[in-house]
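Written out below as structure tokens is the structure these notes cover.
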Amino acid sequence: MIDLRLLRDDPDTVRASQRARGESESAVDDLLRADEERRAAVQRFEALRAEQKQLGKRMSKADPAERAELLARTKELAAEVKAAEAAVGEAEAALRRAQYAIPNIVEEGAPPGGEDDYVVLREVGTRPDIANPRDHLELGEALRAIDVERGAKVSGSRFYFLTGVGALLQLGLLQLAMNQAVEYGFIPCITPTLVKPESMEGTGFLGAHASEVYRLEADDLYLVGTSEVPLAAYHAGEILDLTEPIRYAGWSSCYRREAGSYGRDTRGILRVHQFDKVEMFSYCRPEQAHDEHLRLLAWEEEMLAKVEIPYRVIDVAAGDLGTSAARKYDCEAWLPSQGRYREVTSTSNCTTFQARRLNVRYRDENGRPQIAATLNGTLATTRWLVAILENHQQPDGSVRVPKALQPYVGGRDVLEPR
RNA sequence: GGAGACUUCGCCUAGUCUGGUCUAUGGCGCCGCACUGCUAAUGCGGUUGGGGUGUUAAAGCCCCUCCCGGGUUCGAAUCCCGGAGUCUCCGCCA
């Protein structure tokens, strides 16, 4: 949720942000109105309440005759206070709704436009020259690494088993990511994957993307689509020491309904309901967030270099940002079977948007609590296996193992079909 | 699943039975000042958070905040109902 002070002082910045995202500008005026109405309601209530307290004080030391006289007035007042309080409650709920309707303010410099208006910042690595490349499923099945048939039998479409070297490769990849994160001072963290509604809400995933999320009706819990959710909610309601950024590396399974993607990426494990991920998550002061964002991107690129995958970095356009993100960079790996780049990492600067909802704060130089900034970025996921298998395939269907991953597959430098 | 105890302003804690200067006690920690050759000790003072108003900024004033949400009452930390969390015991499962 956005800063109401910023909104009051500079509504045009908010309007410009809405325009960049292709979202409604009238939502800004709705919010301004809701803000004013709430303040008016608060003032009415507080005036009545102050009077009630004054009378209450006199009542406590009044003699019986005076007391009876006061009672008539206080009884009347009690009803008015109650009504005014209810009005405040409604005004606050309306304000909250209006506030939730506006996504984060887009960072200056983010490309305007929609999904296709991203800007390519750079291309890194050499695309392999493979005649008639096999796709990751063909390679994975030959290696007995990926089993989607039994995944579908047991759990349905978009589920899979990783077996043998497939399982080892994924564990190794995630371990490699975790090791890198720890090396740079991240606190390793294995998170819950079921969270309460307020945790999901606080991170902004119940807005436009609510249909993407699995919900357990009987227990009123949600399955997380990323460990960003538990890691953001981890410090909810706390005041942190942010002299230096606090960084967590979260390892978790992730669950996505993929409701709007019927018929898209149905082959293999490119788009699945459940996968594993190591996610970087930073809490820092708002003025540090921009630099932190670039650091997260650099760490993602360092991981991609370790697994020797060609990729490009894109600056995601305003209209394609998530609700909470002010700016987003994706790394996309080259997939020889598709002849194009596909997303394998995504790092978002959520500025104070998430932290304001979750009430995560720090103390400034004057000791005053201020809202923190949060950022997140992908360090490795199951999807990386797709890029690893395809880019390192050899004509005979074997797959070369990047040096960094060799220790995790028994020291082998090549995986042979069996 | 059943029974009980508990939840107070960073941490610990008094207050709840018996509703009203509770405008919440004390300790620890932290900050400032004094004393001291330094440190420590000691003394004095300050120290919840949010919101409204106000202002260049502040001060000041006001409201809310005793786990959360309702209720009773002129008035709730205190009484009643519901919920959450923590702990103990029993049952069940692994």
Side-chain angles (χ1 to χ4, degrees), chain A residues 1-10 31-100 191-202 206 215-222 229-230 233-244 246 283 285-286 352-372:
Chain A
M1 90 196 166
I2 65 163
D3 184 2
L4 288 178
R5 278 174 212 283
L6 171 79
L7 174 79
R8 285 175 213 156
D9 294 347
D10 188 8
L31 181 54
L32 278 168
R33 202 174 314 114
D35 178 43
E36 242 172 76
E37 279 165 12
R38 183 196 75 101
R39 281 188 288 165
V42 162
Q43 281 173 45
R44 273 195 298 276
F45 163 72
E46 288 187 356
L48 288 167
R49 181 71 178 144
E51 190 185 347
Q52 184 183 41
K53 286 181 69 172
Q54 289 291 326
L55 291 178
K57 211 168 275 185
R58 275 170 61 189
M59 178 83 84
S60 64
K61 27 185 182 183
D63 56 55
E66 194 183 355
R67 188 171 286 226
E69 186 187 321
L70 282 174
L71 252 178
R73 282 183 59 199
T74 49
K75 273 196 163 163
E76 198 175 289
L77 196 54
E80 286 176 40
V81 167
K82 202 168 181 180
E85 194 172 15
V88 168
E90 277 167 36
E92 270 170 357
L95 176 66
R96 190 51 53 97
R97 278 195 300 276
Q99 212 167 0
Y100 277 11
T191 70
T193 51
L194 287 168
V195 299
K196 298 200 243 180
E198 57 261 42
S199 301
M200 211 48 144
E201 178 91 63
L206 289 188
R215 171 152 185 259
L216 299 192
E217 183 83 37
D219 300 283
D220 198 18
L221 290 169
Y222 292 91
V229 174
Y234 188 59
H235 285 304
E238 298 181 25
I239 298 179
L240 307 173
D241 178 0
L242 290 183
T243 316
E244 289 296 317
I246 299 177
Y283 293 90
R285 293 165 175 251
T352 57
F353 189 86
Q354 269 182 346
R356 186 168 292 106
R357 279 191 183 187
L358 292 164
N359 195 26
V360 182
R361 294 172 296 172
Y362 68 98
R363 288 191 191 279
D364 64 17
E365 6 343 278
N366 303 316
R368 308 292 303 173
Q370 303 289 350
I371 303 289

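Below, chain A is the first sequence line, B the second, and so on; all start at residue 1. Computed over heavy atoms, backbone and side chain alike; hydrogens, waters and symmetry mates excluded.
In this structure, the nucleotide among B/G20, B/U72, B/G50 sitting nearest to the side chain of A/Arg361 is B/G50. Relative to the side chain of A/Lys75, the nucleotides B/G52, B/C62, B/C74 differ in distance, and B/C74 lies closest. Each of B/G51, B/C63, B/C74 was ranked by its minimum atom distance to the side chain of A/Arg5; first place goes to B/G51. Of the candidate nucleotides B/A84, B/G20, B/C63, B/G20 has the atom lying nearest to any side-chain atom of A/Met59. Of the candidate nucleotides B/A84, B/U72, B/G52, B/A84 has the atom lying nearest to any side-chain atom of A/Lys196. Side-chain atoms of A/Gln43 lie closest to B/G52 of the nucleotides B/G52, B/U23, B/G49. Nearest nucleotide to the A/Glu46 side chain, out of B/C74, B/G49, B/G52: B/G52.
Between B/U23 and B/U78, the distance separating the two P atoms is 13 Å to the nearest Å. B/A40 and B/A34 have their C1' atoms separated by 16 Å, given to the nearest Å. Distance check on atom C1': B/C66 versus B/A24 gives 8 Å, rounded to whole Å. For B/U65 and B/C12, the P atoms lie 22 Å apart once the distance is rounded to whole Å. Using P as the reference atom, B/A14 and B/C79 are 16 Å apart when rounded to the nearest Å. Taking atom P on both B/G29 and B/G82, the two are 43 Å apart, rounded to the nearest angstrom. For the C1' atoms, the distance linking B/U16 with B/C22 amounts to 12 Å, nearest Å. Rounded to whole Å, the P atom of B/U18 lies 25 Å from the corresponding atom of B/U13.
Taking only side-chain nitrogens and oxygens, A/Arg49 never comes nearer than 4.0 Å to OP1 or OP2 of B/G52. Phosphate proximity of B/C64 to A/Lys53: present, with a side-chain N or O under 4.0 Å from OP1 or OP2. For A/Arg73, no side-chain nitrogen or oxygen approaches OP1 or OP2 of B/C74 to under 4.0 Å.
Along RNA chain B, the nucleotide closest to A/Leu71 and the one closest to A/Val42 are compared, and the more 5′ of them pairs with A/Val42. Along RNA chain B, the nucleotide nearest to A/Ala47 and the one nearest to A/Asp35 differ in position, and the one closer to the 5' end is contacted by A/Asp35.
In this entry the distance linking CZ of A/Arg96 with P of B/G51 reads 11 Å, nearest Å. The CD atom of A/Glu198 sits 17 Å away from the P atom of B/G83 (whole-angstrom rounding). One interatomic measurement links the two molecules: CD of A/Glu80 to P of B/U73, which rounds to 17 Å at whole-angstrom precision. Atom CD in A/Glu51 sits roughly 14 Å away from atom C1' in B/G75 (whole-Å rounding). Rounded to whole Å, atom P of B/G75 lies 13 Å from atom CD of A/Glu76. In this structure, A/Leu4 places its CG atom 12 Å from P of B/U53, rounding to the nearest Å. Atom pair A/Arg38:CZ and B/G51:P shows a separation of 8 Å (rounding to whole Å applied).
Among A/Gln99, A/Arg356, A/Arg8, the single residue meeting the side-chain contact (heavy atoms from CB on, under 4.5 Å) criterion with A/Asp3 is A/Arg356.
A/Gln52 comes within 4.0 angstrom of sugar-phosphate atoms only, judged by non-hydrogen atoms across all strands, and of no base. Note on A/Arg8: only backbone sugar-phosphate atoms sit closer than 4.0 angstrom, heavy atoms only; bases stay farther off. Heavy atoms of A/Arg363 sit under 4.0 angstrom from primed sugar atoms or phosphate atoms, though from no base atom. Heavy atoms of A/Arg44 sit nowhere under 4.0 angstrom from any nucleic acid atom.
A 6.0 Å sphere centred on CD of A/Glu198 holds more than 12 heavy atoms belonging to other residues, nucleotides or ligands. Heavy-atom neighbours of A/Glu238 CD from other residues, nucleotides or ligands within 6.0 Å: above the threshold of 12.
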